[in-house]
Amino acid sequence: MAGEMSFTRVLIANRGEIARRIQRGCRKLGLESVAVFSDADREAPFVAEADHAVCIGGAAPADSYLNVEAILDAARATGSGAVHPGYGFLSENSGFAAAVDAAGLVFIGPSAAAIARMGSKIEAKAAAEDAGVPVLPGYRGEDQSDARLLEEARKLGTPFLVKASAGGGGRGMRLVSDLSGASEAIASARAEAQGAFGDPAVFLERYAPRARHVEVQVFGDSHGNVLHLGDRDCSLQRNHQKLIEEAPAADLPEALRDEMRAASVRLAQAIGYRSAGTVEYLYDSERCEYYFLEMNTRLQVEHPVTEAITGIDLVEWQLRIARGETLTLAQSDVPLNGHAIEVRIAAENPAENFRPETGKITLWAPPAGMRLDSGVAAGSIVSHHYDSMLAKLITHAPDRAGAIRQAIAAIDAFVVGGVGLNLSYQRALLNHPDFHAFRHHTSGLAELFPDGWAEPTPKAEDAGLAAMALHLHLTPAGASPWGSLGSWRLTAPAGLPGTAFYWSASEEDPIRVTGSGPGPGTVLAAVQPDGQTITAENVGLTGNRLSGRIDGVPFSRIAHVVRAPGHWRVHLQTPAGMTATDLRTLEDQHLQRATGGSGGADLLTAPMPGAVAEVRVAPGDRVKAGDTLVVLEAMKLLQSLPAPVAGVVTEIYCAPGDTVAGHAPLIKLDPEENT
């Protein structure tokens, strides 16, 4: 593909934030964009913002975003001349790239042959060795017999990894610390690899327990030119999924950095690579050695940090190279300025084993002045069908410390309602001394939080200010809070301060708010259930900002008050980050008492919408509290749902393969005290 390729309309075979990012790249070059979408994404922002949009099937990825024929039909129907795969889904599927070529369309990415070669971990490591790139010691032979694999395992010694040749994202991977467990690890890795990738081939590789994940961005054109755009560190990971990325990789010996970059260019040249690609390495800081891990033949999730330090638009150059253009930069012309941080924002609850969060986003108020690549907006529905990552926050500063400070400040100003996010957890990672001192590594989250991690809770002062914010929010515009109805007592005529009561979810006794006013001199006092009193002078709520003075010291905090089912939620900026305080008014309290709770300790319900993967019990089975009863799949993750109490299974309301709604009943138990 050395000649000029003409196209004016690009179909984007993806969704969410990456679809919107590619749309921006198309607009920059005057190209039209075509969105393909599933039934679940019909109202998504990327659909509304496209020049053309086509529904290609049901919510399940197999019925839409993985449906090659439906995507090609949409390309033909809309007159698209090219297809951009984004990342994930079909982006590294060589069969898809070949099908796009066969349909007479331009695939915006590398050749199908390059994708296939680098998609096999065994072939990729062989190509790396041929290009003089160091690889981890291990076995990557064609003989996949148990006897040969066990023999090679004994030679390699522990610890080592069994890895799926066609794998990724930790699927088909097993750690072996004792040779007695090698046979079982090989068998289970094979089975998972076959189920996930349709290929049971595995290989063995020495395990570097405290390695960092460093990668190099490469770019090649169709004329044989290849260059690198610097490196990145992606060592903060959970289950082999990246959490925070930065560019450049910090605390690398410069000679090793130069060698790693040169090796990446050498490998890309050796396989005739074009478009954007990433060569990934494990960096063993104790040995001061690096080893080839894999090559991602697509745009990476973390490409914005490279764009930040180079000023080069990677999507624009993908499109230009796909048109046959030549890279106009020499290696010496690539600028590498400052430091950039990317924080992945995901709909999940880290305090509850990263439980996926689904539902409708009722409030979406990101900070101003920062790059945010987002796939959602207020009103968006977060579905269980797709990955939990909703957005990426990117900061850029002259140095690493400045980029980290900017990222923390941005998180502290980020307010989202309706769906829980991982922002507080990401803030804790950015603040952690091990991250600042470069002691983090790919499997080090347990070391960062040895006692687990808990969501920060509002302090007494914060809860009091939240009650004040709700107080002022509920006051009709222009009316006196001391004479309004609702939770206030009508005591102003008697010369007494007004009083209102607000109940939090964790306290039986209310927060009592009293004060005098109204006007610029308004004073509010929040009395906590323990008697502690917070008094604020000149307090007011203007827009989404609560301000005033406490003990003569001015304060001004972001405060969003939103209605949630049965209560109010106050999102308040605090020194510990953004917190959410749920409060009930007197009316809410009466309504809750009148209606009572739903469900009970004897009923297991679905914590979110999902698909039932396993039901591990039958009627009549006796279970202990905490035993796994049902395994639910949501957002590509398996959630084990435990028995809420010990007892006997009496009713089962679901079966494997069922799709269930959030809070749907799954298993009914007769508690132990009744049996």
Side-chain angles (χ1 to χ4, degrees), residues 348-352 355 357 362-363 365 367 408-431 449 451-474 487 500-515 524-537 539-541 543-551 553-586 588-589 592:
E348 58 191 21
N349 186 341
E352 296 186 15
R355 176 175 60 81
E357 295 273 340
T362 56
L363 173 65
I408 293 170
I411 288 173
D412 286 350
F414 205 128
V415 189
V416 179
V419 175
L421 300 184
N422 64 338
L423 285 167
S424 294
Y425 183 78
Q426 296 285 50
R427 185 186 195 274
L429 291 175
L430 289 166
N431 268 316
F449 305 113
D451 298 322
W453 180 84
E455 186 82 28
T457 55
K459 295 182 179 179
E461 177 179 297
D462 302 326
L465 290 176
M468 292 181 193
L470 175 58
H471 225 350
L472 296 169
H473 175 82
L474 293 176
S487 300
F501 300 91
Y502 298 97
W503 284 260
S504 71
S506 59
E507 298 283 352
E508 288 188 14
D509 295 325
I511 299 174
R512 180 164 52 91
V513 178
T514 63
L524 291 181
V527 184
Q528 306 286 347
D530 62 2
Q532 182 176 345
T533 301
I534 307 298
T535 302
E537 301 171 337
V539 63
L541 182 67
N544 293 312
R545 189 164 285 276
L546 180 72
S547 59
R549 300 174 72 89
I550 297 177
D551 296 330
V553 179
F555 72 89
S556 179
R557 299 190 186 182
I558 295 171
H560 285 261
V561 182
V562 295
R563 184 63 180 169
H567 63 274
W568 293 90
R569 174 163 291 179
V570 181
H571 298 270
L572 183 69
Q573 188 180 36
T574 77
M578 191 67 67
T579 60
T581 302
D582 291 340
L583 295 169
R584 296 190 300 272
T585 63
L586 185 61
D588 294 330
Q589 187 79 346
Q592 184 190 55

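The residues of the chain are indexed from 1 along the displayed sequence. Computed from a predicted model, the values in this text were never measured in an experiment.
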Practice item. Taking only Lys NZ, Arg NE, NH1 and NH2, and the carboxylate oxygens of Asp or Glu, determine whether R557 and D412 approach each other closer than 4.0 Å. Key: no
Review point. Who passes side chain to side chain donor-acceptor pair (under 3.5 Å) against R512, sequence neighbours left out?
Key: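 If we apply the side chain to side chain donor-acceptor pair (under 3.5 Å) test to R512, skipping adjacent residues, there are no hits.
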Practice item. Please identify each residue that fulfils side chain to side chain donor-acceptor pair (under 3.5 Å) with R549, with sequence neighbours left out. Key: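 Counting only residues at least two positions away or on another chain, R549 forms no side chain to side chain donor-acceptor pair (under 3.5 Å).
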Point to revise | Distance (rounded to the nearest 0.5 Å) between L572 CG and L465 CG | key: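 Here the rounded value is 6.0 Å.
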Practice item. Compare every heavy atom of A469 with every heavy atom of V570, then report the nearest pair and how far apart it is. Key: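 Smallest interatomic distance, heavy atoms only, reads CG1-CB, 4.2 Å.
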Revision key, fill the gap. Here the pair of heavy atoms bringing L546 nearest to F555 is O-CE1, 3.7 Å
Is a side-chain donor or acceptor of [X] paired with a backbone partner of [Y] at a separation under 3.5 angstrom?
| X | Y | answer |
| --- | --- | --- |
| R427 | A576 | yes |
| D551 | V553 | no |
| T362 | G417 | yes |

Check your understanding: By ring-ring contact (aromatic ring centres under 6.0 Å, His included), which residues pair with Y425, not counting sequence neighbours?
Key ->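 Checked Y425 against ring-ring contact (aromatic ring centres under 6.0 Å, His included); matches are F354, F449, W453.
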Check your understanding: Can the ring centres of W568 and H473 be said to be less than 6.0 Å apart?
Key ->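 Yes: the rings meet the under 6.0 Å criterion.
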Review point. Which one of R584, H471, H567 satisfies the side-chain hydrogen bond (donor to acceptor under 3.5 Å, both in side chains) criterion with Y502?
Key: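 Per the side-chain hydrogen bond (donor to acceptor under 3.5 Å, both in side chains) rule, the option paired with Y502 is H471, out of R584, H471, H567.
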